[in-house]
Number of protein chains: 2
Amino acid sequence: MKVTIKEIATDAGVSVSTVSRVISNNPKISESTKEKVRESIERLNYKPNIMARGLVKKRTGILGVIMPKEAITLFSSPFFIEVMQGISLKGKERDYYIMYDFCKNEKEEYEGTKKLVESGLVDGICLMSTRKGDKSIKYLKELQFPFVIVGEPEEKDEVLWVDNNNLKATYDMVKKVISKGENSAVFIGGDKNLTVTTNRVEGFKKACKELNIQSVVHLGKDFSREEGFRLAEIIFAKENYKNFIVSDDNLLKGFLEYVEKFNIKNINIGSFNRTNLKRIWKNKVFLLDIKPEKLGIEAVNLLIDNILGDSKFTNKVIDIELN
Amino acid sequence: MKVTIKEIATDAGVSVSTVSRVISNNPKISESTKEKVRESIERLNYKPNIMARGLVKKRTGILGVIMPKEAITLFSSPFFIEVMQGISLKGKERDYYIMYDFCKNEKEEYEGTKKLVESGLVDGICLMSTRKGDKSIKYLKELQFPFVIVGEPEEKDEVLWVDNNNLKATYDMVKKVISKGENSAVFIGGDKNLTVTTNRVEGFKKACKELNIQSVVHLGKDFSREEGFRLAEIIFAKENYKNFIVSDDNLLKGFLEYVEKFNIKNINIGSFNRTNLKRIWKNKVFLLDIKPEKLGIEAVNLLIDNILGDSKFTNKVIDIELN
DNA sequence: ATGAAAGCGCTAACAG
DNA sequence: CTGTTAGCGCTTTCAT
C-alpha cells in the first residue's frame, strides 16, 4: 500500500505534524530534524496524498482549462496545442496539475465550468474562448472564483486576461513591410466576429492612414487554406495589388498557393505565423511569430498569482516583437 | 461557502449517511426518503466534494493522460487533438475527469507518470506513445496500476492498448484502389521507426504480392507536407508510377502539390486522411478516415473497465471501414 | 430502512 | 522547536 505521513513520522521518530512542517519547509523546524525526516521521505519514497491535502487546505493545486470545440477547428489547431503546452509547462513549474475539459458548445462550456468549480476539484479556471455575453464568465465573476481568459474579453473589468497586442503588431508590421510611396495595401483576415480580427484590422488601417495609402480589407469566413486561396482569387481579380498583410498561417498558405500558381511577382507580404514556412518562403514573406506558448505561460502565471492572492486584475497584453 | 452533505442532511431531516446512500443510489433506502433527499440536493445545488470522496474511496474519478511532445509534432497535430476529444467525450460520459500532462521528452513522461500515480490523483493512466523499452510501461506494470496505450506497444502481454488495424486497412485499400493488371504500386510513408509505418507497409506488401504487382516503398523522415513533396520528386524522377498509397494527411498534401504542379494525370491514389480534402480531391483520391476520436473513446473505455475491474486485458484493434 | 461513529491522510491551531 | 488534537467532507461498518 501507499506510504503515508504517519509511517514517515514513525520511521523518523517524530510526530506527523513535524513531518507536515518539514514538507512545507516550516522555518521553525530544526535543520537536524528536517534532515532526518527528509531522509525517511526519500528512503520510503513518500508522496503526500493530494486528496487529503486538498480536503483540509481547500486548495487542490489543480487548474481547469475549458477548451471550446470551435476554437479547435476555427484556427488551425497548432495554436491551441501550443497554448496548452505553455499552460502545461508553467503549471508544472509552479507545481499545479492541469485538467482539460473539451466542450462541444457553449452550453457544455458553461456546464463544464460549473462542474469543475462545484466539485471543488480546481483552484482556478482558464477559459480559452470568449463570447458575447459569456455565461461562464458571468458565473465565475459572481462566485469570485479565480479565472483567466486567453484572448480579449468583451467586458474587461474585474477579469484576468492575456492576449497578444494584435493592434500594435499589425501596425508595426505594416510599417515594416510596406514602404512609403505605395498607394494601397490589402489585409487578408479570417472570421470578422473575432476580436483578433477586429484588432488587426484596426492596426492595419491606422498604419495605412499614417502612410497615407489606401487600405483594403478582405475577410474570409474562417482561417483555412482554402479561404486564403479564394480570397486571393477575389483580390487579384480586382487589381494587381502589391502589398499584403495576412492574418494567419493557413490563410497565408492558400494565398501563396495562388501566388505561385499564377507566378505573381514583386509583392510584399507580412504574415502572422507559427509553422515552419521559413525554409521555402523566407525571402518573400515577412513572418511574425505570435508565440502561442507564451500566451499559455502568462495565463497560468496570472491565474496562479490570483489564486495565491498575490495579484489583483493585472492583465497581460503581450507585445509581439518584430524581428 | 460551498454546500456540504451535512447541510443536505439537515435540510432533508435525515442523517449524512442516508444522504450518502441516496447519492450512491443504495437500494436499501426507501423511495420516499430518496425523493426527499434528492429534492434538497437539487434545491441547494449540492455537489459532492471530489477530494473528500476520493480520500475515503481511494478512487478519484480522474484519468491521467501523458502527452509526448514528439507525438504532437511528429504527426500533424489534428490527430492528437482528435484523440483527446474522444478521451474527453467518453470520460464525461462515464463521469471521469481528465488530467493532461504534456511532456518534453521520455524522462518527463516517466516522471509525469510516476508523479500522477504517486500523488494518488488519478485512477488510471493513458499513454499516448510507446517507445522501445518504455520505462513508464515497465513502472505501471510493476505497480499493477491501470493504464492503456494508444498505439501498438512493443511488448503486448499484460497491457491494454488500442490501435487501428493498419495492416488490414492498407491491405484493403490497395485492393480497392489498385486494379488488377497494373505492374507496380508505391507506398509513401513517414517515420520508419513507428509501428504504424511498419504495419501499413506490411499490409501494402501483402496486397501487392497477392495482386502480383511490384511494391515500391518510400519512407520520409516525418509526416510533413514538405516530405510529401520531396518524396514525390524522388519517385517521379525514377519512373512514371501510376498507383500510390499515401500514409498520412500532410504527406498527401505535399504529394498532390507536386502532382498538380507538374500536371500529372491518370494516377490512382489511396490515402489515410482526416482533414477535409474531399472538396478539391474527391474524384482523384480515395480517402480513408482513420477516426482518431474513436481511438480515444475506446482507450478510455478499456481503461475505465479495467479500473472498475470489469475487464482483463482485452485489447482493441479498430477496423477502419472502407467506404 | 436508517443513524451513529470511525476514519481516509493531511494541515493547522493550540499547548508547551 | 515539537507534539496533541480537532476536523476538512465524505463513505462505510456496525448497530438498531
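Quick caveat, the model's predicted, so the values are computed rather than measured. So you know, we letter chains A, B, ... as the sequences are listed, proteins then strands, and number each from 1.
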Candidate nucleotides C:dG3, C:dT11, D:dC10, ranked by approach to the side chain of B:R53 - the nearest: D:dC10
Proximal nucleotide (of C:dG3, C:dC8, C:dA12) relative to the B:V56 side chain: C:dC8
Nearest-nucleotide 5' precedence on DNA chain C, A:N49 against B:S15: B:S15
Closest-nucleotide ordering on DNA chain C, the 5'-leading residue of A:P48 and B:K34: B:K34
Is [X] near enough to [N] that one of its side-chain N or O atoms lies under 4.0 angstrom from OP1 or OP2?
| X | N | value |
| --- | --- | --- |
| B:K58 | C:dG9 | yes |
| A:T18 | D:dG3 | yes |
| A:S30 | D:dT2 | yes |

In whole angstroms, how far is the [atom2] atom of [N] from the [atom1] atom of [X]?
| X | N | atom1 | atom2 | value |
| --- | --- | --- | --- | --- |
| A:Y46 | C:dT11 | OH | C1' | 10 Å |
| B:L55 | C:dC10 | CG | P | 9 Å |
| B:K2 | D:dC8 | NZ | C1' | 13 Å |
| A:K57 | C:dA12 | NZ | C1' | 10 Å |
| B:K6 | D:dG7 | NZ | P | 9 Å |
| A:I23 | D:dT2 | CD1 | C1' | 15 Å |
| A:R59 | C:dC10 | CZ | P | 19 Å |
| A:N26 | C:dA13 | CG | P | 12 Å |

Base C:dA12 paired with A:S20 side chain (donor-acceptor, <3.5 Å): no
Check: C:dT2 base within 3.5 Å donor-acceptor of B:T33 side chain: no
Nearest heavy atoms of A:T60 and A:D123, plus distance in Å: N-OD1, 2.8 Å
Minimum heavy-atom distance A:T130-A:E152, with the two atoms named: OG1-O, 3.8 Å
All side chain to side chain donor-acceptor pair (under 3.5 Å) counterparts of B:N301, not counting sequence neighbours: B:R94
B:D11 side chain to B:S40 backbone, donor-acceptor under 3.5 Å: no
Sugar-phosphate, base or nothing in reach of B:T4, heavy atoms under 4.0 Å: sugar-phosphate
Sugar-phosphate, base or nothing in reach of B:V19, heavy atoms under 4.0 Å: nothing
Which residue lies more 5' along DNA chain D, comparing B:R21 with B:K47 via nearest heavy atoms: B:K47
Straight-line distance of A:K92 NZ to A:Y97 OH, nearest 0.5 Å: 10.5 Å
